[in-house]
**Q** 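Have a look at the structure that comes next, please.
When reading the values below, keep in mind they use all heavy atoms of this one structure, side chains included, and skip hydrogens, waters and symmetry mates. This structure is a prediction, so every number in the text was calculated from the model and none was measured.
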Amino acid sequence: MSQGLRGSPQGAGFSLLNGRLLSGFEDLRQVEAKYPALLFKQQLTAFLEKIYGLIRDNLKKEIAPVLGQCIQAPRNSRASLVKGRSQANAVAQQALNAHWQSIVKSLDNYLKTLRANFVPPFLVRKLFSQTFSFINVQLFNSLLLRRECCSFSNGEYVKAGLAELEQWCHGATEEFAGLAWDELKHIRQAVGFLVIHQKPKKTLKEITNDLCPVLSIQQLYRISTMYWDDKYGTHTVSTDVISRMRVMMTEDSNNAVSSSFLLDDDSSIPFSVDDISKSMQEVEVADIDPPPLIRGNSGFTFLLQHSE
């Protein structure tokens, strides 16, 4: 009796399955075939993210040591810029731009290698956007942490270097550079503040809305209070503007707004497999002639049937 009770559910289950076995056999095979494809997609995604991260991090490591030299003009070269000596000034200016040219050279080498290996422009744009974001974070944070960098002449030096990067973006074209130039908005606006004339006449509204709309009050206060002019002897913003900045920072602290003035570098993977799929051109498999290695393998006969 107990055997019958144990056997009944199994028998009933088998008979129920047997009734649907033939009708659902094709569906069952399709489900089984789906899992290797999903596994392959997962492995391919992990592989792509790994390779992308390695290339991006290697480029960052290559330019990181140079960025420390790009935020502050070398004193010897800067001091040699003398009025009326055009030849000496040209040599000094070339020395000032050497560090920036080193970064441009690295960008050129990576772009050349990526294009030679037919890396999709979508991935190339993501790579350079993250690289320029890294440059923005490193330069901007260094500017806010080092008072010697917040001078008028140093602002001119960094501005000239940023022009080198802008020129590179134009040369690389939007197809490969994308919106990389926009990733430098923090350091561009900070430098714009350093080199603008008549700072005491600027109102807080003009500064926050027109000159530096991306920068926070904490960041603006930091730059304004550290600014010094070693070239023309000009002054920073008015005491009234400084006072209003302090009031706004106090209000922000009361409202639990972050008081940090430094930027964080984003090292995440900025794309998904679906993003890549959408960016790729449609390829008709039937129009592609399989290579000899696949044509000679019986496991790929279905490709031969499509191609023939």
Side-chain angles (χ1 to χ4, degrees), residues 60 63-64 66-75 78 96-97 99-100 103-104 129-169 179-239 241-242 244-246 248-249 252 257-266:
K60 286 183 178 180
I63 65 177
V66 188
L67 289 176
Q69 306 297 325
C70 290
I71 192 59
Q72 185 177 14
R75 292 183 178 181
R78 184 172 56 189
L96 285 172
N97 293 335
H99 301 303
W100 292 95
I103 294 179
V104 170
S129 289
Q130 280 200 307
T131 302
F132 272 61
S133 177
F134 172 75
I135 295 174
N136 178 68
V137 170
Q138 297 301 312
L139 294 181
F140 185 75
N141 287 350
S142 296
L143 188 72
L144 296 187
L145 292 173
R146 297 164 58 183
R147 184 178 183 275
E148 65 271 19
C149 297
C150 290
S151 67
F152 187 95
S153 63
N154 201 69
E156 290 182 320
Y157 166 66
V158 179
K159 183 178 180 180
L162 292 176
E164 298 281 345
L165 298 184
E166 183 180 18
Q167 185 176 359
W168 180 86
C169 289
L179 301 177
W181 175 246
D182 293 340
E183 297 293 337
L184 300 174
K185 52 184 175 292
H186 286 85
I187 187 63
R188 285 164 50 195
Q189 292 183 11
V191 167
F193 174 85
L194 293 179
V195 301
I196 197 171
H197 294 278
Q198 299 182 332
K199 292 180 181 64
K201 294 185 179 181
K202 298 295 180 182
T203 65
L204 182 58
K205 183 177 181 180
E206 289 175 327
I207 296 173
T208 55
N209 291 352
D210 302 328
L211 185 59
C212 306
V214 174
L215 305 189
S216 67
I217 289 298
Q218 289 84 358
Q219 293 165 344
L220 286 172
Y221 178 81
R222 185 89 178 173
I223 298 174
S224 299
T225 53
M226 291 198 304
Y227 172 78
W228 59 289
D229 191 346
D230 57 339
K231 191 170 184 179
Y232 301 110
T234 60
H235 300 284
T236 186
V237 296
S238 65
T239 55
V241 170
I242 295 293
R244 293 187 60 188
M245 286 183 181
R246 289 198 188 101
M248 295 181 67
M249 288 191 297
D252 288 344
V257 177
S258 175
S259 60
S260 175
F261 53 81
L262 299 178
L263 301 177
D264 295 322
D265 182 37
D266 182 11

**Q** Looking at His197 and Lys202, what are the two nearest heavy atoms and their distance?
**A** O-CE, 4.2 Å
**Q** Nearest 0.5 angstrom please: Glu156 CD to Lys231 NZ, how far?
**A**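 Going from the CD atom of Glu156 to the NZ atom of Lys231 covers 3.5 Å.
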**Q** If you round to the nearest 0.5 Å, how far is CZ of Arg222 from CG of Leu144?
**A**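 If I round to the nearest 0.5 Å, the distance is 7.0 Å.
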**Q** Would you compute the distance between atom NE2 of His99 and atom CD1 of Ile71 and round it to the nearest 0.5 angstrom?
**A**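 Nearest 0.5 Å value for the NE2-CD1 distance: 12.5 Å.
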**Q** Do any N or O atoms from the side chain of Glu164 and from the backbone of Val104 form a donor-acceptor pair under 3.5 angstrom?
**A**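 Not confirmed, Glu164 side chain does not pair with Val104 backbone.
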**Q** Say whether, by atom type as modelled, one donor and one acceptor occur between the side chain of Ser142 and the main chain of Gln138 under 3.5 angstrom.
**A**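 Yes; judged by distance alone, with no hydrogens or angles, the pair exists.
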**Q** Looking at Lys199 and Phe193, would you say the former's side chain and the latter's main chain have a donor-acceptor pair under 3.5 Å?
**A** yes
**Q** Got a second to check how far Leu211's CG is from Ile196's CD1, nearest 0.5 Å?
**A**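 Those atoms lie 4.5 Å apart.
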**Q** What distance do Leu139 atom CG and Leu184 atom CG have between them, rounded to the nearest 0.5 Å?
**A** 8.0 Å
**Q** Please find the pair of heavy atoms, one from Ala190 and one from Ile223, that lie closest to each other, and give the distance.
**A**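 Shortest heavy-atom separation between Ala190 and Ile223 comes out as CB-CD1, 3.7 Å.
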**Q** With a 4.5 Å cut-off on side-chain heavy atoms, are Thr203 and Val241 touching?
**A**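 No, too far: nothing below the 4.5 Å cut-off.
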**Q** Short question: side chain of Thr236, backbone of Ser224 - any donor-acceptor pair under 3.5 Å?
**A**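 The answer is yes, because a donor-acceptor pair under 3.5 Å joins these two groups.
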**Q** Please report the closest heavy-atom contact between Cys70 and Tyr157, naming both atoms and the distance.
**A** O-CE2, 3.1 Å
**Q** Please check if the number of heavy atoms outside Glu206 that lie under 6.0 Å from its CD is greater than 12.
**A** yes
**Q** Identify the heavy atoms of Ser129 and Glu183 that sit nearest to each other, and give their distance.
**A**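 In this case the closest contact between Ser129 and Glu183 is O-CG, 3.4 Å.
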**Q** Are Trp181 and Arg188 close enough that some pair of their side-chain heavy atoms sits under 4.5 Å apart?
**A** yes
**Q** Could I get the full list of side chain to side chain donor-acceptor pair (under 3.5 Å) partners for Thr234, not counting sequence neighbours?
**A** Tyr227, Asp229
**Q** Is there side-chain contact between Ile63 and Thr131, with at least one heavy-atom pair below 4.5 Å?
**A** yes
**Q** How far apart are the closest heavy atoms of Asn136 and Lys185, and which atoms are they?
**A**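 What the structure gives for the nearest pair is OD1-N, 3.9 Å.
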**Q** When you measure from the side chain of Trp100 to the backbone of Ala160, do you find a donor-acceptor pair of N or O atoms at a distance under 3.5 Å?
**A** no
**Q** Take atom NZ of Lys159 as the centre, draw a 6.0 Å sphere, and report whether it contains more than 12 heavy atoms from other residues, nucleotides or ligands.
**A**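 Count not over threshold, so no.
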**Q** Does a side-chain heavy-atom distance below 4.5 Å link Met245 with Thr225?
**A** no
**Q** Measure the CZ-CG distance between Phe261 and Leu145 for me, rounded to the nearest 0.5 Å.
**A**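 If we round to the nearest 0.5 Å, Phe261:CZ and Leu145:CG are 5.5 Å apart.
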**Q** May I ask you to decide if Trp228's main-chain N or O and Arg147's side chain share a donor-acceptor pair within less than 3.5 Å?
**A** no
**Q** So Leu194 and Val158, do their side chains get closer than 4.5 Å, heavy atoms only?
**A**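 In short, these two side chains do not touch, never coming nearer than 4.5 Å.
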**Q** State, to 0.1 Å, how close Leu263 and Val137 come at their nearest heavy-atom pair, and which atoms those are.
**A**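 In terms of heavy atoms, the two residues are closest at O-CG1, 3.7 Å.
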